[in-house]
Protein chains: 2
Amino acid sequence: MPEQSPGSRPTLEAVAARAGVSRATASRVVNGGDGVRKPLVDKVLKAVEELGYIPNHAARTLVTRRTGAVAVVIAEPETRFFSDPFFSQQIRGISKELTAHDTQLVLLLVEGPGDFDRIARYLAGGHVDGALAFSLHTDDPVPAITRRAGIPAVYGGRPSWTADPGDQAVPYVDADNRGGARMAVQYLRDLGRERIAHIAGPADQTSAMDRLDGYRDVLLDVDPTLVADGAFTVESGARAMAELLERRPDLDAVFAANDLMASGALRVLRERGIPVPEQVALVGFDDMDSVASETDPPLTTVGQEIEGQGRLMARLLLRALDRDRTGSGDVPESVITPVTLVRRASA
Amino acid sequence: MPEQSPGSRPTLEAVAARAGVSRATASRVVNGGDGVRKPLVDKVLKAVEELGYIPNHAARTLVTRRTGAVAVVIAEPETRFFSDPFFSQQIRGISKELTAHDTQLVLLLVEGPGDFDRIARYLAGGHVDGALAFSLHTDDPVPAITRRAGIPAVYGGRPSWTADPGDQAVPYVDADNRGGARMAVQYLRDLGRERIAHIAGPADQTSAMDRLDGYRDVLLDVDPTLVADGAFTVESGARAMAELLERRPDLDAVFAANDLMASGALRVLRERGIPVPEQVALVGFDDMDSVASETDPPLTTVGQEIEGQGRLMARLLLRALDRDRTGSGDVPESVITPVTLVRRASA
DNA sequence: CACCGCTCTGGGAGCGCTCTCAACGCTGTC
DNA sequence: GACAGCGTTGAGAGCGCTCCCAGAGCGGTG
């Protein structure tokens, strides 16, 4: 690559001059070369190479009205963003997919509720072609913002206001939480367990509620003393486990709504000398790398393709953008990604 | 905010027409309004409000040659990016600082060694005004890339090729790892401990090496049997602890190069019934939220302001950009951020 | 041999903005 | 009352690119 020439970079004009063609032809070559005869293509490419030409993105955007960038909006409070490897992995997936389509990722972290104005201004400012956002809450302003800005958006996790998984109001990608929970509980049942408790996640997250629903699907008429509330953290899992043991010392299995809570529960069980899985079988959810396989015993859990979900989100958005551009193609639909039961030693 | 008008957004021209001024004056008002008489300013602002005018970023960039965006390049292998809350927190700090200066954050995750070409093309393509990158390795291509692209960059963590903390070849922000380690070891010494072991981090990370150096600073002529290698993970900390106990069952203190390893070490100590801190005092490093205060006993550790480091990185970069723009101002210098000893129960 | 129709190429407009520069009106001074 | 000097405004060029449209070139056909 030629050294950066002092001052300004070469323009298309310069490339055209060097190749002995018009700017229009040079442009055609740079953008794929359709309808340009071979010898000219080669001449232009040679000039590009020699001059180290790189298209000016702003100029291109100005006329095409496309930026080649999408925003990733993360409105989660800091705590979750930090503790949850979930986000990092989804972002990694998103990044991979976008990169493969020459699209850039602009990260928009929402710094508190007053910050949505800035987000709105940014999304409406034509800086990006579309947006990806996560786990919407009931009164989440993001959908309204993107609608007003006139850009397509895809969401990660089922928005809380959608009645059903599968609702098409806004396109989203989510794991089959309910199905996964059913799978887990059914597995415990098949193991012969009869008093299967559940440590639930926070009620304001649809993933937690869907998992609870899945638990209930299998165990019709659940005894409420078998369900304890947690907050998706290790500590809350430990507390919930202690609570459950107090209420139902006879329980013989626990399905925790995520691995972190399962590991907290496991700690309590161990402290009390309750053998896992012999006396109490334990199943988690997420198959989180740094947790599930590192506990003692390792967790049986429900695994999901987190990075794949990110890729899928990006793919749906890119498809929507393509549709906007070409005026045809299919409307993106929400996708529920499959989950699998990962059998380890805890159940 | 007015609804997005169908089709195209209002331009400066439209604002000017509505306010009854020239485009130039409208532009001046939109950009701060210096040198425009009050009544006209008001008229323009009113027009902006009524039309819901938002400046076209591409057009602006095209003429000013500034994008109002900086890249954050993360070249770490996936594993670290995921497991380490470090990154999320630094990014949060960076985001806060950039946001406060109306600058956007473009996230560039490097997907393998072959991906640097893409990064180079992007950085040279005038998409961003500057770059932030992390923990450079010896042969890291990022500095060469940014130099060639002609954009300023600031690094997080001392680059491995700089001989000294404080080296000015590239501006970076790092915690006072060596000083922190000294502080920790000196503290153990003041506690009366005499056989202080160290669980070191990976040799290819300067933070780990600096911490080892700090340990050595205090304990001149360290007995090599008192130092074990780890990899900044819980498991590696446990392994190292077991190794140390085998070699030196008489040790009475351990300084681990990070909290994760400390927690691994703690687990082993507990398993063997060795009372902490009575028989063996334990100090970690990082004061990682989800770890240090949640162990039993909670960890005494060296705390650093991770988010603050991120902010500082962004601030240094913004200052460099400002310098480029105005042609004056101070050259950004590397900053070593202070650390503090956080006393809890483990030592 | 004229003409049609095709492919390929170039001229030129224009995307929305900033910024230079000239013009303008006003005040103050001699 | 003329003019210098200042602060304010507007006209217009131009940033680098894409894309429309017209024209050139060329082969094939009647």
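Chain letters run A, B, ... following the sequence lines, proteins first and then strands; every chain starts at 1.
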Identify whether the distance between the nearest side-chain nitrogen and carboxylate oxygen of [X] and [Y] falls below 4.0 Å.
{"X": "A:Lys46", "Y": "A:Asp42", "answer": "no"}
{"X": "B:Arg118", "Y": "B:Asp115", "answer": "yes"}
{"X": "A:Arg315", "Y": "A:Glu97", "answer": "yes"}

Out of D:dT9, C:dG16, C:dG10, which nucleotide sits closest to the side chain of B:Leu40? D:dT9

Nearest-nucleotide pick for A:Ala59, side chain only, options being D:dC17, C:dC17, D:dT9: D:dC17

Step by step, work out the side chain to side chain donor-acceptor pair (under 3.5 Å) result for A:Glu111 and B:Thr99. CA-CA 9 Å; A:Glu111 319 282 2; B:Thr99 293; 4.6 Å; no

Taking [atom1] from [X] and [atom2] from [N], how many angstroms apart are they, rounded to a whole number?
{"X": "B:Asn56", "N": "C:dC17", "atom1": "CG", "atom2": "P", "value": "6 Å"}
{"X": "B:Glu13", "N": "D:dG12", "atom1": "CD", "atom2": "P", "value": "12 Å"}
{"X": "A:Leu12", "N": "C:dC15", "atom1": "CG", "atom2": "P", "value": "19 Å"}
{"X": "B:Arg37", "N": "D:dG7", "atom1": "CZ", "atom2": "C1'", "value": "7 Å"}
{"X": "B:Leu62", "N": "D:dT18", "atom1": "CG", "atom2": "C1'", "value": "12 Å"}
{"X": "A:Arg65", "N": "D:dC19", "atom1": "CZ", "atom2": "P", "value": "12 Å"}

Are B:Thr11 and C:dG16 close enough that a side-chain N or O sits under 4.0 Å from OP1 or OP2? no

Does B:Arg60 have a side-chain nitrogen or oxygen under 4.0 Å from the phosphate oxygens OP1 or OP2 of C:dT18? yes

With a 4.0 Å heavy-atom cut-off, tell me which residues in residues 24-33 of chain A come close to DNA chain C, sorted by residue number. A:Ala24, A:Thr25, A:Arg28

Do A:Leu317 and A:Tyr155 make a side-chain contact, defined as non-hydrogen atoms from C-beta onward lying under 4.5 Å apart? no

If we ignore hydrogens and angles and just use 3.5 Å, is the side chain of B:Thr64 paired with the main-chain N or O of B:Arg60 as donor and acceptor? yes

Under 3.5 Å donor-acceptor pair, B:Arg23 side-chain atoms to C:dT18 base atoms: yes

First encountered from the 5' end of DNA chain D, between B:Val63 and B:Val21: B:Val21

What distance do A:Leu40 atom CG and A:Arg28 atom CZ have between them, rounded to the nearest 0.5 Å? 10.5 Å

